Structure formats: C-alpha cells, structure tokens
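These notes concern the structure reproduced below.
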Amino acid sequence: MTEKIFLAIESSCDETSVAILRDKQLVTNVIASQVSSHQRFGGVVPEVASRHHVEVITRCIEEALAEADVTPKDLTGVAVTYGPGLVGALLVGLAAAKAFAWAHGLPLIPVNHMAGHLMAAQAVKDLTYPLLALLVSGGHTELVYVEKPGDYKIIGETRDDAVGEAYDKVGRVMGLPYPAGRQIDELARQGQDVYHFPRAMIKEDNLDFSFSGLKSAFINLHHNAQQKEEELVLEDLCASFQAAVLDILAAKLAKALQQYPVKTLVLAGGVAANQGLRQRLAADLPAELDLIVPPLRLCGDNAGMIAYAAELEYAKGNLADLALNAKSSLAFDYLESE
Ligand code: KG4
Ligand code: ZN
C-alpha cells in the first residue's frame with residue numbers, strides 16, 4: 001500500500017493553519033494566531049481576520065511543506081475547512097486550497113470544522129466506534145454520536161450561546177482579555193461557588209444546552225453590584241460561573257450516555273482545554289468509559305485536526321470540485337446529503 005500524505009488548511013476563525021499528515025502521523029502543524037490583533041476589540045473582527053489570513057496563508061503552506069520535507073507531488077490530497085465559521089475567513093483557506101489542488105492536480109477534500117475538532121482525538125489513539133463526543137468551542141456546543149468513522153449525528157446542541165462564547169462574554173464583563181476561557185479556569189481554582197448561578201435546562205429531558213440565561217444572570221449580578229458599589233470577589237465569580245457550566249455539561253453528558261451507551265467518549269474543542277472540565281469528567285464518568293481528550297495544542301483551532309478528519313472523508317470518497325463554497329453555518333451533513 002502506498003503511503004498517504006494529506007495537506008490540510010484551516011482558516012475558519014482567527015487561526016491560519018496548515019498541517020501535513022503522513023501515514024496517519026501528524027508531521028507538521030503550522031499555526032499562525034491572530035489573537036493579539038483581535039484582543040483590543042474584545043472578540044474576533046471578521047474583516048481583520050480575513051485580511052490576516054490572506055497575508056500569511058501562502059507562507060504557512062510553504063513552511064508546512066518545508067518542515068515536513070514533502071513536495072506537492074508526494075501528496076495524496078488537499079483538505080480544507082469549508083464551514084462552519086466566518087465566511088470571509090473560510091474563503092481565504094478555500095481559495096488557497098483550490099488553487100493548490102488545481103495547480104498540482106490533487107483531489108480536494110472538504111472538511112467540516114467540527115468534525116476536525118472531534119477527530120483531533122485520533123492523535124491520542126486509534127478511535128473505536130461507536131463513540132460519543134462533547135464538542136465545546138467558541139462557536140459551538142454539541143453532543144455528537146458517531147456510529148462509524150466519519151458518520152456524525154448531532155444529538156444535542158446549544159439553543160443560544162456556545163459555551164466558549166459565554167466564557168468570553170463574562171470575561172469581558174470582568175475586564176479580562178479576550179479570549180477569557182483559560183484565565184477564568186485558572187481564577188476559578190482559587191475561588192468558591194458562592195453566587196449559585198442558574199443551571200438552565202438541566203432537568204429537562206433533552207440533550208440540548210442553554211448558556212444565555214447563565215450569562216445574563218452573571219451580567220445582572222455584576223451590574224447590580226457596581227450600582228450598589230459592592231465588591232465582588234473575582235475568584236468566586238469565576239468559580240461560580242465555571243461550577244454552573246460544569247454542572248450543565250456533566251448533566252447533559254450523563255443523559256446522553258444513558259441513551260447512547262458507548263465505550264468511548266471524546267471531549268474536544270477549545271473549551272476542552274479547561275482543567276476544571278477535564279477533572280470533573282474524569283471524576284464523574286464510569287471507570288470503564290474511555291475518555292479521550294486531544295493534547296492541548298490540538299484543542300484550539302488548528303489544521304492538524306482537519307487532516308485527521310480529511311483522511312476519513314478521503315476514505316469515504318468524499319471529494320469536492322472547484323465549485324466548493326464556504327458554508328458559514330455548515331451542519332454535520334456532508335456533500336452527498338446536501
Ligand atoms: O475551538 P476554538 O479554538 O475556536 C472555535 O472554533 O471557537 O475555541 C476557542 C474558545 C474560546 O471561547 C476560549 O475562551 C475557549 O475556547 N477556551 C477555554 C479555555 N481555553 C480556551 N474555555 C474554558 N477554559 C479554558 N481553559
Ligand atoms: Zn474551532
């Protein structure tokens with residue numbers, strides 16, 4: 001069997017990334033982060049993101065090929081994130097991938113960003129199916145059932161804010177720099193759950209999430225305290241917010257596991273970097289369940305995860321032509337079901 005080598009491109013938000021997967025091993029994963037350019041705005045500015053992607057994408061591709069010591073003619077295919085994400089940002093990666101694929105006569109492999117987050121777990125070990133995944137990022141909060149490789153079914157999702165978005169919004173209220181998730185996680189470890197924020201939909205018999213009520217309760221508490229000139233303890237605020245988030249995630253996950261009694265659980269996406277969440281799940285989950293969390297560098301947006309997902313799409317024969325377009329709210333249906 002000849003060796004398969006994939007080049008993958010990710011540009012759905014504020015990271016421009018190019019990776020090369022060789023014989024199922026990630027040999028390079030170049031990540032150019034723009035986060036410092038967005039920090040002063042307190043969130044990602046789409047126009048600024050697109051412009052940065054344009055500036056660095058070619059260099060990232062060249063760097064990845066050089067680092068992996070691979071030439072275009074060695075490649076099996078070119079994979080690219082085509083959604084979900086910021087449309088302008090996605091288009092930059094798509095244009096680069098299409099041009100590269102066309103110039104070198106390579107197949108183009110369309111990849112869903114969330115499938116990428118999930119498949120980052122493949123870096124830990126060969127995944128066994130069926131499995132469940134809890135995908136938690138700045139844009140998404142989803143429970144996904146995967147019966148067989150590449151067959152993703154959403155069984156629960158947020159009805160309003162994504163969990164990472166809630167972290168970033170309450171972080172902004174507390175004056176923390178964007179993105180605030182990691183700092184809230186650190187501060188939470190030094191505080192107590194004294195404010196007892198609501199745990200929305202926790203008792204409801206479905207697998208969906210809601211975080212906007214929690215966010216509003218947090219903002220109201222902060223606002224009222226400011227008006228009354230009362231001091232709030234930052235560490236306790238963070239601990240209380242995080243305790244509510246963890247209770248919600250843990251409760252819905254327990255429900256999902258009852259309905260889908262799998263042996264493998266993947267926790268992935270930017271918020272999977274959360275130490276409190278990792279500890280909580282490790283403590284709560286039955287010992288026989290295999291909890292797989294990608295290494296930290298593969299939790300945030302990166303092209304390595306796109307390369308892992310691309311390998312499955314390629315094996316399924318899911319290829320795109322040059323008409324492939326960006327889909328900002330792409331769901332988990334692939335081309336054939338669209
Ligand atoms: O997956 P990701 O890199 O980008 C998206 O596709 O959204 O996720 C970024 C999100 C941000 O909202 C960030 O605040 C959050 O992940 N995040 C965390 C932690 N590290 C990053 N949230 C909670 N705890 C963390 N340690
Ligand atoms: Zn992401």
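As the structure lists them, so they are numbered: ligands from 1, and atoms in each ligand from 1. None of the values given here were measured: they were computed from a predicted structure.
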Quiz item: Does the distance from a Lys or Arg side-chain N to an Asp or Glu carboxylate O, for Glu62 and Arg59, drop under 4.0 Å?
Solution: no

Quiz prompt | the Zn ion (ligand 2) contact by His117, N, O or S atom under 2.8 Å | solution = yes

Self-check item: His113 backbone or side-chain N/O/S under 2.8 Å from the Zn ion (ligand 2)
Solution: yes

Practice problem: Ignoring hydrogens and angles, state whether a donor on the side chain of Lys252 or Asn206 is under 3.5 Å from an acceptor on the partner side chain. | Solution: yes

Quiz item: Do other residues, nucleotides or ligands put more than 12 heavy atoms under 6.0 Å from the CD atom of Glu47?
Solution: no

Quiz item: Does a side chain donor of either Ser12 or His113 reach within less than 3.5 Å of an acceptor in the other side chain?
Solution: yes

Quiz item: Where's the contact between His117 and ligand 1, heavy-atom distance under 4.0 Å: side chain, backbone, both or neither?
Solution: side chain

Quiz item: Between Lys169 and Glu165, is the closest basic N to carboxylate O distance under 4.0 Å?
Solution: yes

Quiz item: Ion pair present between Lys125 and Asp290, side-chain N to carboxylate O less than 4.0 angstrom?
Solution: yes

Quiz item: Does a donor on one side chain sit under 3.5 Å from an acceptor on the other, for Gln242 and Asp185?
Solution: yes

Quiz item: Between Tyr167 and ligand 1, does any nitrogen or oxygen pair lie at a separation below 3.5 Å?
Solution: no

Quiz item: Below 4.0 angstrom, N of the basic side chain to O of the carboxylate: do Arg280 and Asp247 qualify?
Solution: yes

Exercise. Answer yes or no: is there an ion pair linking Glu288 with Lys263, defined by an N-O contact shorter than 4.0 Å?
Key: no

Self-check item: Which of the ligand 1 atoms, numbered from 1, are nearer than 4.0 Å to a heavy atom of Gly164
Solution: 12 (O)

Quiz item: Which residue supplies the protein heavy atom nearest to atom 21 (C) of ligand 1, what is that atom called, and how far is it?
Solution: Gly270 O, 3.4 Å

Quiz prompt | Mode of Asp185 contact toward ligand 1 - side chain, backbone, both, neither (heavy atoms, under 4.0 Å) | solution = side chain

Quiz item: ligand 1 and Gly181, any nitrogen or oxygen pair closer than 3.5 angstrom?
Solution: yes

Quiz prompt | Pro179-ligand 1 polar pair, N/O distance under 3.5 Å | solution = no

Self-check item: ligand 1 atoms in contact with Gly139 (distance to a heavy atom under 4.0 Å)
Solution: 7 (O)

Quiz item: Among the clusters formed by ILVMFWY side chains lying less than 4.5 Å apart, do Leu232 and Tyr167 turn up in the same one?
Solution: yes

Quiz item: Polar-atom distance check: His113 versus ligand 1, any N or O pair below 3.5 Å?
Solution: yes

Quiz item: Out of Asp301, Val271, Leu135, whose heavy atom sits nearest atom 4 (O) of ligand 1?
Solution: Asp301

Quiz item: Looking at atom 7 (O) of ligand 1, what's its closest protein heavy atom, distance included?
Solution: Gly138 N, 2.7 Å

Practice problem: Distance to 0.1 Å, residue and atom name: give those for the protein heavy atom nearest to atom 24 (N) of ligand 1. | Solution: Asn274 ND2, 2.8 Å

Quiz item: What are the atoms of ligand 1, with element, lying closer than 4.0 Å to any heavy atom of Ala273?
Solution: 20 (N), 26 (N)

Quiz item: Any N/O of Gly269 closer than 3.5 Å to an N/O of ligand 1?
Solution: no

Exercise. Report yes if some N/O of Asp168 lies less than 3.5 Å from some N/O of ligand 1; otherwise report no.
Key: yes

